[in-house]
Student: 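A single structure is presented below for examination.
Throughout, a chain's letter reflects where its sequence line sits, starting with A, and its residues are numbered from 1.
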Protein chains: 2
Amino acid sequence: MASLKDVAQRAGVSVKTVSNVVNGYAYVASGTREKVELALSELDYRPNLSARNLRRGRTGVIALAVPELDAPYFAELSRSVIKAAAERGWMVLIDQTDGVAARERELLQGIREQSVDGLIFSPVAIGRDDLAARTDATPLVLLGERVLDGPTDHIAVDNQRAAREMTAHLAGLGHTRIGAVGAQHRPGMGTARLRLAGYREGLAAAGLPYDEDLVAPTPAYRRADGAEAMRRLLALPEPPRAVFCFNDLLALGALRTALSQGLRVPEDVAVAGFDDIEDGRYSTPTLTTISPDKDRVAKTAVELLDTRIDAGRRAGHGAAACREIEAPYRLLVRESTVGRAG
Amino acid sequence: MASLKDVAQRAGVSVKTVSNVVNGYAYVASGTREKVELALSELDYRPNLSARNLRRGRTGVIALAVPELDAPYFAELSRSVIKAAAERGWMVLIDQTDGVAARERELLQGIREQSVDGLIFSPVAIGRDDLAARTDATPLVLLGERVLDGPTDHIAVDNQRAAREMTAHLAGLGHTRIGAVGAQHRPGMGTARLRLAGYREGLAAAGLPYDEDLVAPTPAYRRADGAEAMRRLLALPEPPRAVFCFNDLLALGALRTALSQGLRVPEDVAVAGFDDIEDGRYSTPTLTTISPDKDRVAKTAVELLDTRIDAGRRAGHGAAACREIEAPYRLLVRESTVGRAG
DNA sequence: CAACGCTGTTCCAACGATGTAAATCTTACG
DNA sequence: CGTAAGATTTACATCGTTGGAACAGCGTTG
């Protein structure tokens with residue numbers, strides 16, 4: 001692998017001149033430039049990034065930390081993030097936390113500090129105090145959980161409002177026994193809490209009572225958890241006629257349980273989700289859901305990070321104001337709540 | 001951020017001694033070691049990886065290149081790869097090619113050469129000649145497409161045999177008009193070709209004729225493609241009574257089309273897939289499919305790469321023999337071909 | 001007691017690229 | 001023709017780490 005030195009030798013100039021050509025420095029005589037460029041291509045020169053990074057103090061890589069890459073929501077989000085990052089010249093390194101608090105904390109405390117220039121992080125288990133206790137100075141952008149007044153840039157849909165709207169949608173269809181799937185009692189887990197709060201608001205707004213029995217907690221947010229929770233709900237003496245699942249995977253699991261028990265969806269029980277993963281657009285019935293604009297979230301996250309990385313480079317530690325950005329979303333009504341006709 | 005120099009100063013020893021402690025060098029007096037370790041933790045020292053990498057000539061990162069991260073098969077595979085890599089101390093950088101030949105070629109020609117120590121690559125569009133033309137010396141492991149006698153380590157299930165078995169399964173159920181979804185006429189695309197070959201073998205073995213009309217090509221391998229292809233097949237004067245889709249996404253799309261046209265699956269038309277993504281375990285009906293052992297594939301890929309990276313470091317360019325590894329798979333019979341009872 | 005072989009520590013160079021400042025070369029102008 | 005103001009190029013130090021060799025202390029051994 002050719003280094004600047006090799007190229008310089010071949011072109012008969014100094015190393016610095018080659019560096020100048022490579023970096024587009026203005027004051028290089030055109031003859032020299034040509035010579036150097038010839039040598040560059042003859043030797044197929046490519047800068048050694050470790051060296052460049054050492055010198056420049058950056059790595060050209062950002063990390064994206066998600067709970068699980070195989071949860072479609074995060075897969076789709078990751079796709080968008082990688083794309084947005086590539087457009088700005090970043091490479092993306094992916095970390096999986098499995099939603100384990102210790103792993104999440106490690107990230108906040110900077111295990112990747114030396115390897116990346118910034119971190120886009122979708123936390124599950126950690127709370128505000130963990131964020132406050134952070135010492136690592138790597139620029140950070142949080143996704144998906146509202147941490148108001150946190151010391152961190154942050155992007156999320158308004159989970160609570162969206163959940164409220166979804167509940168209102170179900171109530172608007174005439175449902176009076178509306179269940180919820182995906183409550184979580186663990187600390188952290190702001191998302192579950194916010195969606196639950198929205199659900200309660202929605203019930204209240206519709207004049208419906210909040211019935212603890214209709215709220216099924218789940219240990220995680222995968223299909224199996226939704227399927228299991230639905231089994232519990234359907235086993236109630238008076239099962240719900242509509243169920244709001246706190247994400248689409250839960251909803252797909254719930255759907256499977258309902259259908260395999262011979263119930264019709266939505267005639268016997270309506271099911272709604274959250275996230276708008278592609279599966280829900282092709283399930284039978286298709287899934288009513290909240291669709292956050294993932295491309296927008298990803299793009300904004302990368303932009304925010306970019307800005308903050310530049311700022312850090314420029315101004316030392318001038319703590320630029322933290323930005324809380326609300327991502328747009330839409331409520332998509334599909335077959336699982338209104339049937340084929342709708 | 002503290003450097004070795006800072007730590008050395010604080011501990012009152014030389015930089016190299018600190019380095020020796022950090023790297024577990026044996027000949028350090030226990031007193032010295034303690035002093036240094038104290039200073040290390042007081043300053044929260046973390047090695048600068050760019051510098052270390054520059055010195056050692058490696059980066060600690062491997063790249064994983066897949067067509068699309070949001071295709072569940074690749075999401076699941078990526079999850080496994082990241083996990084397997086983490087166990088061996090690697091970080092994983094993900095590239096998306098979108099199946100675009102130019103992008104795939106770039107990777108082979110080494111755009112990541114300086115940033116990673118090795119590449120795990122799931123190609124779609126490139127062919128054997130592209131591989132042969134490769135000059136980049138980065139260790140490479142290919143996934144998922146058989147390139148016999150290629151100059152490259154490689155892991156895949158026996159696509160052709162698996163496809164043959166699946167076709168046999170359908171024929172064994174008494175089907176005589178068995179369609180195929182996902183043929184591809186593009187160059188490259190060994191996978192599609194192999195699965196098609198297996199399908200034909202399966203038909204032949206069952207004494208069934210090969211009918212070109214029952215083979216639906218698709219531009220890509222997503223749900224929408226499967227849905228569209230199924231529409232074409234069902235519009236035939238004599239539509240197939242069973243359909244083998246070359247991956248699960250196609251199958252899920254096909255399923256959606258069939259169900260939304262009021263057909264019963266499998267009573268009116270049976271559907272089978274390939275890949276065993278999680279969606280297919282929760283769809284209604286659940287999806288009969290070929291289940292490659294993804295964890296095994298991932299783990300083996302990382303091991304192979306690890307070996308090759310070590311070898312490259314040790315022996316210069318001693319071209320170790322290329323290994324073709326066949327990954328195990330199972331045919332999972334579920335509702336979409338045999339119904340609820342089965 | 002001198003030479004030897006350990007252990008433990010330090011010094012120096014190098015990895016490859018780039019910022020700084022200085023050296024060299026042109027050109028224009030008085 | 002001398003000189004100042006650019007234009008162009010170069011030498012050198014530096015980023016943080018580690019390999020190799022040199023060096024120092026010290027108990028053994030012949």
Student: Thr32(A) side chain: which of dT9(C), dT18(C), dT8(D) is closest?
Tutor: dT8(D)
Student: Nearest to the side chain of Arg56(A), heavy atoms from C-beta on, is which of dT18(D), dT9(D), dT18(C)?
Tutor: dT18(C)
Student: Please check if atom CZ in Arg323(B) has more than 12 non-hydrogen atoms from other residues, nucleotides or ligands closer than 6.0 Å.
Tutor: no
Student: Around Lys294(B), counting heavy atoms of other residues, nucleotides and ligands shown, do more than 12 lie under 6.0 Å from its NZ?
Tutor: yes
Student: Tell me what Val15(A) touches on the nucleic acid: a base, only sugar-phosphate, or nothing, going by heavy atoms under 4.0 Å.
Tutor: base
Student: Measure OH/Tyr27(B) against C1'/dG25(D) and give the value in whole Å, please.
Tutor: 16 Å
Student: Nearest heavy atom decides the nucleotide; on that basis, is Asn20(B) or Val22(A) closer to the 5' end of DNA chain C?
Tutor: Asn20(B)
Student: Report the residue (Lys16(A) or Ala51(B)) whose heavy-atom-nearest nucleotide on DNA chain D is the more 5′ of the two.
Tutor: Lys16(A)
Student: Give one of base, sugar-phosphate or nothing for Thr17(A), where a contact means two heavy atoms less than 4.0 Å apart.
Tutor: base
Student: Indicate yes or no: does Arg58(B) engage Asp310(B) in a salt bridge with an N to O separation below 4.0 Å.
Tutor: yes
Student: Using OP1 and OP2 only, check whether a side-chain N or O of Ser14(B) sits under 4.0 Å from dT10(C).
Tutor: yes
Student: Classify the side chain of Lys5(B) versus the base of dG16(D) as yes if they form a donor-acceptor pair under 3.5 Å and no if they do not.
Tutor: no
Student: Rounded to the nearest Å, what distance is computed from the CD atom of residue Gln9(B) to the C1' atom of nucleotide dG16(D)?
Tutor: 14 Å
Student: Using whole Å, what does the distance between atom P of nucleotide dT18(C) and atom CG of Leu54(B) come to?
Tutor: 12 Å
Student: For the pair made of CZ in Arg52(B) and P in dG16(C), what is the distance, rounded to whole Å?
Tutor: 18 Å
Student: So, is Tyr45(A) close to the dA17(C) phosphate, meaning a side-chain N or O under 4.0 Å from OP1 or OP2?
Tutor: yes
Student: Rounded off to whole Å, could you give me the CZ-to-P distance for the Arg58(A) and dT18(C) pair?
Tutor: 13 Å
Student: Using atom CG of Asn23(B) as one end and atom P of dT17(D) as the other, report the distance to the nearest whole Å.
Tutor: 10 Å
Student: Tell me: CG of Leu4(A) to P of dT9(D), nearest whole Å?
Tutor: 16 Å
Student: Does Asp98(A) pair with Arg79(B) as a salt bridge, N-O distance under 4.0 Å?
Tutor: yes
Student: Below 3.5 Å, does any donor atom in the side chain of Arg55(A) face an acceptor in the base of dT14(D), or the other way round?
Tutor: yes
Student: Asn53(B) near the nucleic acid: base, sugar-phosphate alone, or nothing, with a heavy-atom cut-off under 4.0 Å?
Tutor: nothing
Student: What's the CG-P distance between Leu49(A) and dG16(C), to the nearest Å?
Tutor: 13 Å
Student: Taking everything shown except Arg296(B) itself, do over 12 heavy atoms lie less than 6.0 Å from its CZ?
Tutor: no
